[in-house]
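Order of the sequence lines fixes the chain letters, A, B, ..., with proteins taken first and strands second; residue numbering starts at 1 for each chain. Values reported hereafter were calculated over all heavy atoms of this structure, with side chains retained and with hydrogens, waters and symmetry mates removed.
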Protein chains: 2
Amino acid sequence: MTHRTVGHPPGLPDHDPRARVDAPAPDCPVEIALAALRGRWTTLVVRELLGGERGYSELRRALPRLSDKVLSERLAQLAEAGVVTRVRRPGWPPTVRYALTPHGRRLGPVLQALWDWGAAAG
Amino acid sequence: MTHRTVGHPPGLPDHDPRARVDAPAPDCPVEIALAALRGRWTTLVVRELLGGERGYSELRRALPRLSDKVLSERLAQLAEAGVVTRVRRPGWPPTVRYALTPHGRRLGPVLQALWDWGAAAG
DNA sequence: CTGAATCCCTGCCGATACTG
DNA sequence: CAGTATCGGCAGGGATTCAG
């Protein structure tokens, strides 16, 4: 959805056309960000990659209860969102490395903000 | 899920027991925050309330395509999460006012962080 | 080793109708 | 005015199986 954080300094310019909508809009930046993080396991995969480049089976070992299907889905989703890059290495056995893009690394502060809010007493 | 924003200054203490899990955990602060914002329309309702106290029908007018059912669900969900308070006013016709709690108002920076990330070029 | 395809089940959301 | 009850469609996620 589209947002203006009204009354919250500094606040974004109200001239942004993606603001002031009355329904969920896929081009709203907040929607884009939440879409990138959407789905079970997604943030755990990102957290793992914040620790550095990983291979497919390394991710599987780090998250043993995550199924192949969902891991594939998440990696595809995150690649689509421009968060991770996928690099096939030639040779045998075939190996693939996953790493955060610069944009993906900028999710660090976002996850921190979410953590801080969730950690504060309700 | 539980997160440690590894490699991102300042970073949280790694002693937090809610970190370093290998599966989605409901008590992880990031999970808590995402759960509060989960579901369609949720952030739009919050954004509306960031502009100040609102009544039920004011919210309906601001978000005309949001059904009664989902609006009720969202307000209940946000109240459960400690984000909004619900105040019935005596008299006729019955009126109810919804407002953000202090905790809810702290979602401003969180939504800002999400906006900023989503607005940055991928 | 690194995935994609399939099956099934569950939970979310929207529409409609009804109540205090 | 401020909701709740009910139903149906669809997408998400887990287990298993198959493929490059």
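- Put simply, CD on E73(A) is 10 Å from P on dA4(C), counting in whole angstrom units.
- Residue T101(A) holds its OG1 atom at 9.5 Å from CG of L78(A), rounded to the nearest 0.5 Å.
- Look at CZ on R86(B): it is 16 Å from P on dC1(D), rounded to the nearest Å.
- Remark on DNA chain D: of its neighbouring residues Q77(A) and P94(A), the 5'-side contact belongs to Q77(A), judged by nearest-heavy-atom nucleotide.
- Looking only at side-chain heavy atoms (C-beta outward), R60(A) and D68(A) come within less than 4.5 Å of each other.
- Taking atom CZ of R88(B) as the reference point, atom P of dA2(D) lies 9 Å away to the nearest angstrom.
- For the pair Y56(B) and dT4(D), the criterion of a side-chain N or O lying under 4.0 Å from OP1 or OP2 is not met.
- Side-chain N/O atoms of S72(A) include none lying less than 4.0 angstrom from OP1 or OP2 on dT2(C).
- For DNA chain D, the residues of residues 63-70 of chain A within the heavy-atom distance limit of 4.0 Å (strictly under) are K69(A), V70(A), sorted by number.
- By the 4.5 Å heavy-atom criterion applied to side chains, R40(A) and E73(A) are not counted as neighbours.
- Nearest heavy-atom pair across A19(A) and R47(B) is C-NH1, 4.4 Å.
- Taking side-chain N and O atoms only, W41(A) has a distance below 4.0 Å to OP1 or OP2 of dG14(D).
- Between Y56(B) and Y98(B), the ring planes are tilted. Angles from 30° to 60° get that label.
- Here E48(A) does not pair with R61(A) in a salt bridge; the nearest charged N to carboxylate O distance is not below 4.0 Å.
- Close to dG20(C), at under 4.0 Å from its OP1 or OP2, lies no side-chain N or O of W92(B).
- Within the 4.0 angstrom heavy-atom criterion, only backbone atoms of the sugar-phosphate kind lie near R74(B); the bases stay farther away.
- Taking 4.0 angstrom as the limit, T95(A) places none of its side-chain polar atoms (N or O) nearer than this to OP1 or OP2 of dC1(C).
- If you take CZ of R60(A) and P of dG14(D), they are 12 Å apart, rounded to a whole angstrom.
- With contacts defined as side-chain heavy-atom distances shorter than 4.5 Å, the pair L114(B)/L37(B) qualifies.
- Phosphate proximity of dG14(D) to R40(A): present, with a side-chain N or O under 4.0 Å from OP1 or OP2.
- dT2(C) atom P lies 14 Å from atom CZ of R54(A), rounded to whole Å.
- Atom CG of L78(B) and atom P of dG3(D) are 13 Å apart (whole Å).
- With rounding to whole Å, L71(A) atom CG is found 15 Å from dA15(D) atom C1'.
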